[in-house]
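This structure is a prediction, so every number in the text was calculated from the model and none was measured.
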Amino acid sequence: MTDSEASQRITHRHIEVFRAVMTAGSVTGAAQLLYTSQPTVSRELARMEQLLGYALFERVQGRLRANARALLLWDEVRRSWQGLERVIDRAVELGRPQGASISVLCLPALSHALLPGALARLQSRHGAVAVSVSTQEAPLLQEWMAAQRFDLGLSELADAPPGTRSQPLPAMDEVAVLPAGHPLAQKALLSERDFEDESFISLARDDPYRAQIDAVFARAGVQRRLSLETASAVAVCAMVQQGLGLAIVNPLTARACAGPQLVVRPLAFSIAFQVHMLLPLHRPADAGLSWLIAALEQEALSLLDGRP
């Protein structure tokens with residue numbers, strides 16, 4: 001019999017019997033595990049050896065002793081069975097209240113500036129809801145959401161990728177961030193003219209907020225000293241903390257990074273900042289997803305109003 005013929009005729013039942021014998025250490029114990037008779041176990045085991053074309057056990061004084069091939073096969077069976085058990089455990093878990101895990105994909109900046117507060121609200125109101133958070137930048141964030149890989153996406157882009165719908169969170173305004181010892185930190189509100197000839201740390205050239213910020217200063221005829229730029233608002237704030245210049249960033253990252261070395265000030269002009277929740281259209285929604293959406297909305301409103 002060829003390998004192909006043998007593999008086609010060996011069934012899951014044969015593997016189940018083999019596993020029971022290895023687990024119990026005897027045919028009698030295997031029969032008890034499988035709720036069947038000893039002759040049935042012996043017959044299935046002998047049939048499996050016949051199909052394989054080699055013995056798995058030595059018969060010593062009426063008892064079975066696994067040979068080298070059986071031990072190697074047993075290693076593989078245990079690995080496979082552990083995977084199956086994880087599948088079963090997951091299936092059972094999904095049927096329990098709050099048993100499923102909500103998978104969230106968001107921009108890196110939002111993973112520490114908006115989402116933690118929302119998760120705290122979620123846990124406070126509903127208990128230990130399981131949430132898995134992954135981070136990604138555009139355009140991969142949009143691609144992964146279109147592929148229905150996550151329950152919820154958090155993006156700065158309003159356009160919903162194919163297969164998703166976009167739901168905006170309350171809009172806020174961009175803010176200025178300054179080194180704590182900078183003279184402008186004494187002002188309560190900064191205008192365009194305050195940035196004249198100041199060292200300014202910019203977002204990357206392809207960032208949509210960079211374009212809006214540059215347009216504001218161009219209209220006002222304000223010249224800034226531009227020597228540093230980065231794609232990350234967190235990196236912008238870190239550079240500001242080191243006294244390398246001023247910057248304008250989203251209010252979520254600014255508030256998360258504020259501290260002894262960095263102060264946040266509102267602007268006399270408005271550059272709107274808004275986070276959009278991306279919801280897949282073809283992925284079954286987890287029971288707790290609506291709770292997380294409500295928590296994100298509440299957190300955004302609290303940040304907008306400046307209240308806890």
Side-chain angles (χ1 to χ4, degrees), residues 86-87 89-172 203 207-209 231-237 249-257 272-304 308:
R86 285 196 297 270
V87 172
D89 290 343
R90 180 61 174 154
V92 172
E93 180 186 18
L94 290 172
R96 300 188 186 122
Q98 302 182 6
S101 175
I102 305 169
S103 57
V104 179
L105 180 67
C106 68
L107 295 171
L110 300 180
S111 69
H112 75 91
L114 171 68
L115 195 53
L119 293 177
R121 292 175 183 274
L122 175 69
Q123 303 282 8
S124 175
R125 175 161 294 189
H126 300 287
V129 179
V131 179
S132 172
V133 179
S134 301
T135 60
Q136 187 54 266
E137 298 280 3
L140 281 180
L141 186 148
Q142 282 71 23
E143 291 179 13
W144 290 3
M145 289 306 303
Q148 315 293 298
R149 291 175 58 179
F150 295 85
D151 297 310
L152 174 69
L154 295 174
S155 172
E156 294 178 2
L157 301 178
D159 295 337
T164 69
R165 65 180 177 90
S166 176
Q167 183 173 326
L169 289 171
M172 309 173 218
L203 295 166
D207 190 292
Y209 289 102
S232 166
V234 175
V236 168
C237 290
V249 296
N250 74 78
L252 301 178
T253 301
R255 286 169 179 158
C257 295
F273 172 80
Q274 191 164 37
V275 175
H276 296 264
M277 297 182 290
L278 301 178
L279 301 167
L281 297 177
H282 311 298
R283 179 184 175 95
D286 179 83
L289 182 58
S290 61
W291 298 342
L292 178 56
I293 291 173
L296 284 163
E297 292 172 338
Q298 292 162 5
E299 180 68 8
L301 283 172
S302 73
L303 292 171
L304 181 62

*Heavy atoms only: give me the nearest Leu303-Ala113 pair and the separation to one decimal.*
CD1-O, 4.2 Å

*Between Trp291 and His126, how do the two ring planes meet: parallel, tilted or perpendicular, split at 30° and 60°?*
parallel

*Is Ser134 reaching over with its side chain to a backbone N or O of Leu105, donor-acceptor style, under 3.5 angstrom?*
no

*Gln123 and Ala128: which non-hydrogen atoms are nearest, and at how many Å?*
OE1-CA, 2.9 Å

*With the side chain counted from C-beta on, respond yes when Val275 and Leu296 share a heavy-atom pair under 4.5 Å apart, and no when they do not.*
no

*Using atom types as modelled and distance alone, determine if a side-chain donor or acceptor of Gln148 lies under 3.5 Å from a backbone N or O of Ala146.*
yes

*Is there a side-chain contact between Val234 and Pro108, using heavy atoms and a 4.5 Å cut-off?*
no

*Would a 4.5 Å heavy-atom cut-off, applied to side chains only, mark Glu143 and Gln136 as touching?*
no

*Do Val236 and Thr253 come close enough that some side-chain heavy atom pair is under 4.5 Å?*
no

*Distance from Leu203 atom CG to Tyr209 atom OH, nearest 0.5 Å?*
10.0 Å

_Nearest-0.5 Å distance that lies between atom CE in Met145 and atom CG in Leu140_ = 13.5 Å

*Side-chain contact, heavy-atom cut-off 4.5 Å: Leu114 with Glu299?*
yes

*Are any of the side-chain heavy atoms of Leu119 and Leu292 separated by less than 4.5 Å?*
yes

*Taking all atoms of both residues into account, what is the closest heavy-atom pair of Ala158 and Ser166, and its distance?*
O-OG, 3.3 Å

*Identify the heavy atoms of Ala300 and Met172 that sit nearest to each other, and give their distance.*
O-CE, 4.0 Å

*If every non-hydrogen atom of Gln274 is compared with every non-hydrogen atom of Pro168, which pair is closest and at what distance?*
NE2-CB, 3.5 Å

_Any side-chain heavy-atom pair of Val131 and Leu115 under 4.5 Å_ = no

*For residues Leu110 and Ser155, report the shortest heavy-atom separation together with the two atoms involved.*
CD1-N, 4.4 Å

*Would you sort out whether Arg121 and Ser302 count as a side-chain hydrogen bond (donor to acceptor under 3.5 Å, both in side chains), showing the intermediate values?*
CA-CA 11 Å; Arg121 292 175 183 274; Ser302 73; 3.0 Å; yes

_Let me confirm one number: the CG-SG distance from Leu278 to Cys106, rounded to the nearest 0.5 Å._
11.0 Å

*Say you draw a straight line from CG of Leu152 to CE of Met277; how long is it, rounded to the nearest 0.5 Å?*
7.0 Å

_Using 0.5 Å steps for rounding, measure from the CG atom of Leu141 to the CG atom of Leu157._
8.5 Å

*Would you say Ile102 and Ser132 make side-chain contact, with heavy atoms under 4.5 Å?*
no

_Trace of the side chain to side chain contact (heavy atoms under 4.5 Å, CB included) decision for Glu156 with Phe273_ = CA-CA 8 Å; Glu156 294 178 2; Phe273 172 80; 3.4 Å; yes

*Any chance you could measure Thr164, atom OG1, to His282, atom NE2, to the nearest 0.5 Å?*
9.0 Å

*Has the side chain of Gln298 got a donor or acceptor atom that lies under 3.5 Å from a matching backbone atom of Ala118?*
no

*Go through the steps to decide whether Leu169 and Glu297 satisfy the test side chain to side chain contact (heavy atoms under 4.5 Å, CB included), and finish with yes or no.*
CA-CA 6 Å; Leu169 289 171; Glu297 292 172 338; 3.6 Å; yes

